[in-house]
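What follows is a short report on a single structure.
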Amino acid sequence: MNIYDDLLWRGLIKDFSDPELKDKLNAGGMTFYIGTDPTGDSMHIGHFSSFLIATRLKKAGHNPILLIGGATGLIGDPKPSTERPMITKEEVNHNVKCLSEQAKNIFGFEIVNNWEWSKDINFIDFLRDYGKYFSVNYMLDKDVVKRRIDEGITYTEFSYMIMQALDFLWLYEHKNCTMQVAGQDQWGNITAGIELIRKKIGKTAYGFTMPLITKSDGVKFGKTEGNAIWLDKEKTTPYEMYQFFINSEDSMVIDYLKKFTFLSREEIENIEKKHIEKPEERLAHKTLAKEVITFLHGKDEYDNALKISEALFSDKIWELSSTDIINNLKDIQKLEIDGSKTIIDVLIDNSICSSKRDAREMVLNGAISINNKKVTDVTYIIDKNSAIDGTVILLKKGKKNYYLGICK
RNA sequence: GGAGGAAUAGCGAAGUGGUCAAACGCGGCAGACUGUAAAUCUGUUCCUUAGGGUUCCAUAGUUCAAAUCUAUGUUCCUCCA
């Protein structure tokens with residue numbers, strides 16, 4: 001299967017700048033870029049899917065460049081809802097450094113920073129050399145701007161698309177970069193770049209976007225309990241990531257396999273068949289977790305995540321000794337246990353519950369287990385006596401949240 | 001610069017002097033059923049030493065009593081120039 005058909009089958013193509021691009025994609029040999037702004041110090045699962053497209057294209061013989069927006073990150077891409085809070089220059093620099101390193105480790109692409117060519121453009125030149133190519137009418141017609149007309153948009157964010165357009169132009173001129181790939185929310189910015197290149201130097205550039213990955217209710221994919229799933233294993237442990245994927249909705253899991261893994265069409269269709277026959281075995285979920293974690297963190301981390309998950313969710317754990325537990329569960333969240341405390345205090349001190357009222361409610365609801373036994377007594381004392389072998393306390397909140405306490 | 005309007009819990013949105021810790025919806029969390037899925041049903045969602053305490057943009061006031069009235073300020077929106 002050629003790359004275009006493969007991307008199409010995986011549902012990774014949303015907007016497409018030019019029908020000609022299809023043949024160009026299949027021919028290979030294009031230099032293209034994919035960008036991200038340094039809004040945080042780690043990429044999350046949302047970046048992952050789009051960067052994987054770059055890997056797919058690379059495998060098809062294209063040449064990827066990764067752009068980190070050290071300049072555009074200082075301005076802020078307009079969100080559909082509200083103005084972004086500005087982040088400090090120090091923070092941006094820090095994030096640029098973290099993201100560059102992370103991207104290099106995971107994907108190994110050439111990395112550029114648009115600060116390099118944006119920093120010396122002065123305001124007058126900006127207006128004369130670039131502003132002149134954009135009519136306000138054209139800019140107002142962009143979806144991101146339109147959606148902000150009622151809410152309000154500052155001149156700063158309004159200007160963002162020009163900055164991104166000049167990135168594309170610069171890369172075209174200096175790196176022979178002829179294509180830009182991004183998420184669907186970037187479509188307006190991509191076309192602005194294509195327009196600028198056409199008007200200013202009379203060349204044709206290309207671009208396409210991938211659709212936003214959502215859950216079945218339309219909510220953006222990639223968050224759990226309000227937190228993003230980060231690619232940095234210090235921020236989201238492989239175990240947490242395993243749990244995230246294993247809990248994917250049945251109705252979406254095949255779609256995720258297409259978008260997050262390199263498995264072939266035959267392999268995925270085969271898994272889909274088994275998934276439909278025996279959904280309770282969750283083969284698709286397990287494969288998804290395995291593929292992604294192995295790609296990001298390697299086989300050892302995956303094996304460990306799998307081992308923890310199987311231990312916690314199969315009751316095998318109760319056959320293990322305290323030493324085994326400590327060695328095997330290194331990724332689950334730790335509890336501070338010193339001396340003896342009531343269960344309420346333990347829940348609050350470890351931010352498992354937000355207040356005493358909340359903690360008491362959890363206990364009374366039967367949501368809290370210590371070493372797999374439900375605790376419904378709010379005065380229950382946690383100390384060595386309640387620990388396995390006098391050292392290990394495994395606390396569970398709800399069905400899926402485990403915490404490990406070690407008594408010394 | 002001028003004229004109007006708005007600001008309520010994570011979000012949306014009721015409430016226009018006491019019966020308001022503030023209806024309702026969404027979201028979150030938990031329980032039941034399951035397969036660590038979805039759907040459904042139930043409970044819960046400011047803090048608490050369970051007596052109460054602190055809230056409705058901010059500050060100052062009126063009142064026995066303020067989310068609700070007054071003044072000033074802040075922010076946002078609409079229209080006019």
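Quick note on labels: first sequence line is chain A, next is B, and so on, each numbered from 1. Because the structure is a prediction, the values reported are computed rather than measured.
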What is the separation between atom CG on A:N247 and atom C1' on B:U34, rounded to the nearest whole Å? 13 Å
For A:Q243 and for A:M362, find the nucleotide of RNA chain B with the closest heavy atom, then tell me which residue's nucleotide is more 5'. A:M362
Paired with B:G43: which nucleotide, if any, by Watson-Crick or G-U wobble criteria at under 3.5 Å for both distances? B:C29
Whom does B:A71 pair with, Watson-Crick or G-U wobble, provided both distances fall under 3.5 Å? B:U59
Are A:F208 and A:Y4 an aromatic pair, judged by ring center distance below 6.0 Å? no
Would you check if A:E90 and A:N93 make a side-chain contact, meaning some heavy-atom pair closer than 4.5 Å? no
Is there a Watson-Crick or G-U wobble partner for B:G1 with both distances under 3.5 Å, and which nucleotide is it? B:C80
Should B:G51 be called syn or anti, with syn set as within 90° of 0? syn
Is there a donor in the side chain of A:N95 and an acceptor in the side chain of A:D41, or the other way round, less than 3.5 Å apart? no
Of the candidate nucleotides B:A37, B:A30, B:U49, which contains the atom at the shortest distance from the side chain of A:R360? B:U49
OP1 or OP2 of B:C29 under 4.0 Å from side-chain N/O of A:K397: no
Flag the pair A:F260 / A:F295 as yes when their ring centroid distance falls below 6.0 Å, and as no otherwise. no
For atom P, what is the distance between B:U75 and B:A21, given to the nearest Å? 33 Å
Please work out if A:S248 contacts a base, only the sugar-phosphate, or nothing of the nucleic acid, heavy-atom cut-off 4.0 Å. sugar-phosphate
Between CD of A:E280 and P of B:G35 the distance, given in whole Å, is 7 Å
So A:K286, base contact, sugar-phosphate only, or nothing? Heavy-atom distance under 4.0 Å. nothing
From C-beta outward on A:S309, which listed nucleotide comes closest to its side chain: B:U36, B:G35, B:U44? B:U36
So, is A:N401 near the phosphate of B:A30, with a side-chain N or O under 4.0 Å from OP1 or OP2? yes
Residue matched to B:A37 through Watson-Crick or wobble contacts both under 3.5 angstrom: none
A:F313 CZ - B:G35 P separation (whole Å): 15 Å
Using the P atom in both, what is the distance from B:U44 to B:U36, to the nearest Å? 27 Å
Selected nucleotide, minimal atom distance to A:K399 side chain, candidates B:U34, B:G35, B:C47: B:U34
Are A:Y33 and A:F168 an aromatic pair by the rule of ring centers under 6.0 Å? yes
Without decimals, in angstroms, what is the distance between A:N365 CG and B:A32 P? 10 Å
May I ask you to verify if any side-chain N or O of A:R282 is less than 4.0 angstrom from the OP1 or OP2 atom of B:A37? no
Rounded to whole Å, how long is the line connecting atom CG of A:D358 with atom P of B:G31? 13 Å
Distance-only donor-acceptor test, A:E361 side-chain atoms vs B:U44 base atoms, 3.5 Å: no
Picking from B:A50, B:G35, B:G31, which would you name as closest to the side chain of A:R357? B:A50
Pairing nucleotide - B:C64, Watson-Crick or G-U, each distance under 3.5 Å: B:G18
Both A:S355 and A:D250 contact RNA chain B. Taking the nearest nucleotide for each, which residue is further toward the 5' end? A:D250
Could you check whether A:F245 and A:Y256 have their ring centres less than 6.0 Å apart? no
Using the C1' atom as the point on both nucleotides, what is the distance between B:A22 and B:A9, in whole Å? 9 Å
To the nearest Å, give me how far apart NZ (A:K400) and C1' (B:C29) are. 12 Å
Rounded to whole Å, how long is the line connecting atom NZ of A:K374 with atom C1' of B:G31? 7 Å
